[in-house]
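Have a look at the structure below, then the notes.
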Amino acid sequence: MRAPHQTNTAAGDIPRRLFFYNAGFLRQPRLRRILHLAGHDLRLGLPSAGDGVVVWGHSPYAARGEAVAARRGVPLVRLEDSFLRSIRPGRMGDAPLGLLVDGQGVHFNSTRPSMIETLLAKHPLDDSNLLQRARDGIDRIRSLDLSKYNLHDETPPPVPGYVLVVDQTAGDASIRHAGASAARFREMLYVAQEEHPTARIVIKTHPETALGLRAGHFGPADATGRISLLTAPVSPWRLLEGAIAVYAVSSQLGFEAILAGHRPRLFGQPFYAGWGLSEDEFPIDRRQRRVTKAQLFAAAMILAPTWYDPCRDRLCSFEQSVDQLEAMVRAHREDRAGHVAYGMRLWKRQRLQAVFGQEKPLIFTDDAAKADQIARDLGRGLLLWAGKEPPNLSAPVIRRVEDGFLRSRGLGANLVPPLSLVADDLGIYYDPTRESRLERLILTPIPPAARARAERLAAALIAARLTKYNLTGAVPDRTDQHTLLVPGQVEDDASIRLGAGEVRTNLALIQAARAANPDARILYKPHPDVEAGLRAGAIPPEALRDLAENAPNADPVALIDACDEVWTMTSLLGFEALLRGKPVTCLGAPFYAGWGLTRDLGPIPARRHHAPDGHPLPRPDLVALIYATLIAYPRYYDPVSRQPCPPEVVVDRLASGKIGPASPALRLLSKLQGRFATYARFWR
């Protein structure tokens with residue numbers, strides 16, 4: 001990540017003040033913001049000595065700025081999108097996550113060096129940390145199925161064994177300035193057929209062509225004999241996996257083909273040609289260096305771009321930009337068909353709409369049969385609050401919704417909306433009677449580069465002293481006596497009904513802990529909802545007196561710090577204690593039990609130990625559990641930018657307290673709910 005006012009030396013000496021002559025700069029706030037954060041001041045008027053002119057690539061309007069820069073004798077800076085851009089093309093309104101700010105040229109113009117070419121030609125590209133970041137980055141964007149645009153879906157690619165010919169949009173500047181023309185596409189298709197006389201030929205249309213935004217070079221008339229035209233939104237990575245050869249002019253798909261292990265045949269002169277990784281029909285004499293695909297990726301994706309974090313409104317690293325794009329693309333893929341939401345309380349609906357309704361607004365109903373019918377008729381998924389699932393549903397996809405594990409500053413019972421939610425298509429994490437998506441994720445090998453990310457996230461949580469609700473309060477003094485922490489729970493909660501063993505009440509849990517540890521000091525932390533009088537599970541003081549010390553309203557992190565071990569039924573505090581290195585004994589079957597990380601005295605499902613064929617399952621370590629639980633399973637929402645976001649953003653929000661304004665309506669409902677709870681306690 002480059003700091004503001006710092007210039008990438010490979011880009012040339014880019015002036016601070018940049019003058020523009022294209023109204024697009026006024027219409028695109030994201031573009032202006034990235035340049036401002038990079039230390040540049042956009043101006044109207046005429047530049048003076050020490051100033052520069054900025055244009056968009058080789059767009060039709062770039063000539064204005066080019067002429068002014070030539071007349072005034074000032075540097076010309078060209079902008080282009082980074083190679084991981086957005087979900088939709090810019091013509092559909094999506095803002096970019098990164099820019100190439102180039103003081104030398106533009107990456108697709110082969111007539112002169114660009115910033116990327118200079119990096120590839122002159123940068124040592126030998127730093128082991130940089131190259132490992134590049135290898136991890138390649139693995140990560142492939143495993144996450146990310147590309148420049150991300151409208152592709154799970155449409156299956158053609159049967160493997162085809163030759164892939166990559167089309168582009170007609171008249172695009174990246175073709176002309178890469179030394180090619182429309183005739184080159186015809187030549188490319190002819191050569192592909194000549195060199196592979198018996199193979200199937202698949203022509204992949206450009207996403208903008210498939211969307212009807214711009215014409216391509218090939219159409220239905222070209223799909224004859226063994227040639228087919230692929231317009232479906234197939235994943236570029238899945239498409240490359242099935243190809244036996246790749247032919248391109250200057251498309252980014254040729255770059256991705258190199259990353260996927262191909263040696264593409266190129267009929268233009270794109271930025272990735274000439275470095276020994278492709279078969280070049282038209283070599284570029286000045287490109288003589290030979291690089292690895294990791295070095296190519298490091299220059300094009302890590303060193304050259306200026307990446308932007310739209311949630312925290314700051315420049316960021318390549319990896320942080322991937323974090324953000326992953327969150328955005330996941331939300332798009334899961335929500336693109338839309339949802340019908342059943343069984344959602346009124347106060348939750350605004351946040352549910354914000355999280356799950358950005359692609360298509362949610363349709364809410366309290367009639368189960370109607371919800372199921374609407375979902376089937378419209379081809380939508382069905383969202384229902386976990387634990388409220390009626391029988392005989394037949395919607396195409398059914399997801400059970402619950403709060404995530406980094407929820408808020410405050411209680412759900414007090415109507416504080418969540419920053420994270422889970423939507424489980426198999427079960428729900430707190431119900432061990434059937435498999436959940438979280439269970440499957442815990443057993444899935446941790447993805448590339450994810451281990452270090454999970455470790456960083458855990459360290460940030462610990463440093464910020466964050467838990468699910470992030471409440472604070474007094475803590476009993478620490479002593480030298482061996483200390484157990486026993487977290488209380490809501491006794492009629494579904495996690496107790498479905499996941500507890502023989503011990504099913506808070507008092508019985510304390511009694512079990514005391515019986516097994518007669519000489520220990522036991523600290524009992526009542527559940528916040530129980531303390532607030534909103535849920536069941538209170539223990540009379542006289543019953544607790546000889547068993548444990550009560551720690552009402554205490555800071556849960558301070559309690560974890562003060563204890564030597566935790567005894568619980570199914571409380572999330574057990575996971576939070578594992579995160580902080582404390583031994584945990586489980587008398588129930590919470591999601592984190594049964595993996596070899598806890599002492600299990602409860603009814604652990606056999607499927608967490610053995611596969612259906614009886615073979616023992618591999619044991620995930622704590623980092624794998626953290627990754628599945630905090631990164632892969634929940635969806636996160638940033639209330640400041642109002643966008644999907646990675647968990648790191650939510651950690652920052654919770655740590656800083658910057659979580660957006662509270663809804664006046666929810667504040668009023670919360671006060672009324674508290675008043676009714678007070679009256680209920682009085683009349684009991």
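Summarising the local packing, CD of Q132 is surrounded by more than 12 heavy atoms from other residues, nucleotides or ligands at distances under 6.0 Å. Heavy-atom contacts from other residues, nucleotides or ligands closer than 6.0 Å to NZ of K370 number 12 or fewer.
A distance of 12.0 Å separates CZ of R345 from CG of L352, quoted to the nearest 0.5 Å. Taken from CG in L523 to CG in L484, the straight-line distance is 8.5 Å, to the nearest 0.5 Å. For the atom pair CD of E326 and SG of C645, the computed distance is 11.5 Å after rounding to the nearest 0.5 Å. Atom CD1 of I462 and atom CD of E576 lie 11.0 Å apart (nearest 0.5 Å). In this structure, CD1 in I631 is found 6.0 Å from CD in E648, a value given to the nearest 0.5 Å. With rounding to the nearest 0.5 Å, the separation of CD in Q481 from CG in D564 is 10.0 Å.
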| query | Could you go step by step and tell me if V422 and V401 meet the side-chain contact (heavy atoms from CB on, under 4.5 Å) rule? | reply | CA-CA 5 Å; V422 303; V401 179; over 6 Å; no
| message | Walk me through whether D136 and R133 qualify under salt bridge (Lys or Arg N to Asp or Glu O under 4.0 Å). | response | CA-CA 5 Å; D136 289 344; R133 288 177 64 195; over 6 Å; no
| said: One pair to check against side-chain contact (heavy atoms from CB on, under 4.5 Å): D493 and R535. What are the steps and the verdict? | reply: CA-CA 9 Å; D493 192 73; R535 303 288 298 276; 3.7 Å; yes
| request: Walk me through it: do R333 and D153 pass the test salt bridge (Lys or Arg N to Asp or Glu O under 4.0 Å)? | output: CA-CA 7 Å; R333 289 173 180 167; D153 55 28; over 6 Å; no
| said: Could you go through L485 and K525, starting from their C-alpha distance and side-chain angles, then the distance that decides it, and tell me whether this counts as side-chain contact (heavy atoms from CB on, under 4.5 Å)? | reply: CA-CA 7 Å; L485 174 59; K525 168 72 175 77; 4.2 Å; yes
| task | Take R607 and D613 through the salt bridge (Lys or Arg N to Asp or Glu O under 4.0 Å) test and state the conclusion after the steps. | result | CA-CA 10 Å; R607 66 177 179 275; D613 61 6; over 6 Å; no
| request: Step by step, work out the side-chain contact (heavy atoms from CB on, under 4.5 Å) result for W567 and L601. | output: CA-CA 10 Å; W567 277 57; L601 305 180; 4.2 Å; yes
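A heavy-atom distance below 4.5 Å is not found between the side chains of I428 and S436. Counting heavy atoms from C-beta on, the side chains of V355 and Y636 never come closer than 4.5 Å. Counting heavy atoms from C-beta outward, P644 and R330 have side chains that stay 4.5 Å or more apart. Two residues are said to be in side-chain contact when any heavy atoms from C-beta on lie closer than 4.5 Å; I496 and M569 meet this criterion. The shortest side-chain heavy-atom distance between L146 and V329 falls under the 4.5 Å cut-off. In this structure, Y592 and L597 have side chains that are not in contact, with every pair of non-hydrogen atoms separated by 4.5 Å or more. In this structure, R642 and Y637 have side chains that are in contact, with non-hydrogen atoms separated by less than 4.5 Å. Residues R400 and W385 fail the side-chain proximity criterion, which asks for heavy atoms closer than 4.5 Å.
The aromatic rings of F591 and F575 are tilted relative to each other, their planes meeting at an angle between 30° and 60°.
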Considering only distance and modelled atom types, tabulate donor-acceptor pairs under 3.5 Å from the side chains of residues 540-554, sequence neighbours left out.
from: E549; atom 1: OE1; to: R521; atom 2: NH2; distance (Å): 3.0
from: E549; atom 1: OE2; to: R521; atom 2: NE; distance (Å): 2.6

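Across all non-hydrogen atoms, the minimal contact from A593 to I604 is CB-CD1, 3.7 Å. Nearest approach of A327 to P646, heavy atoms of both residues: CB-N, 3.8 Å. Taking both residues in full, the closest heavy atoms of E491 and L507 are given as OE2-N, 4.4 Å, listed atom of the first, atom of the second, then distance. The minimum heavy-atom distance between N150 and D145, with the atom names listed, is OD1-O, 3.8 Å. Contact detail for A371 and T365: the closest heavy-atom pair is CB-CG2, 3.4 Å. Y430 and A494 make their closest contact through CE1-CB, 3.3 Å (heavy atoms, listed as atom of the first residue, atom of the second, distance).
Evaluation of the salt bridge (Lys or Arg N to Asp or Glu O under 4.0 Å) rule for D323 yields R140, R453 as partners, not counting sequence neighbours. When the side-chain hydrogen bond (donor to acceptor under 3.5 Å, both in side chains) test is applied to R399, no partner is found at least two apart in sequence or on another chain.
Judged purely by atom type and a 3.5 angstrom limit, Q358 uses its side chain to pair as donor or acceptor with the backbone of A354. The main-chain N or O of D431 is never found under 3.5 Å from a side-chain atom of R434 such that the two would form a donor-acceptor pair. D367 places a side-chain N or O within 3.5 Å of a backbone atom of A369 that can act as its donor or acceptor partner. D372 places no side-chain N or O within donor-acceptor distance of the main-chain N or O of A368, the cut-off being under 3.5 Å. When atom types are taken as modelled, the side chain of D424 and the backbone of R437 share a donor-acceptor pair closer than 3.5 angstrom.
Side-chain N/O atoms of S420 and R407 include no donor and acceptor closer than 3.5 Å. Inspection of the R376 and Q373 side chains reveals an N or O donor paired with an N or O acceptor under 3.5 Å. No side-chain N or O of H339 forms a donor-acceptor pair with one of E334 less than 3.5 Å apart.
Contact check on D492 versus R497 returns no salt bridge, with no Lys/Arg side-chain nitrogen under 4.0 Å from an Asp/Glu carboxylate oxygen. Taking the charged nitrogens against the carboxylate oxygens, D309 and R312 do have a contact shorter than 4.0 Å, which makes a salt bridge. A salt bridge links R451 and D621; the closest N-O separation between the charged side-chain nitrogens and carboxylate oxygens is under 4.0 Å.
For Y429 and F405, the ring centers sit closer than 6.0 Å to each other.
Applying side-chain hydrogen bond (donor to acceptor under 3.5 Å, both in side chains) to Q489 and the options D529, T570, T505 leaves one that passes, T570. Tested against L383, the residues V340, I363, L362, D335 include a single side-chain contact (heavy atoms from CB on, under 4.5 Å) partner, L362.
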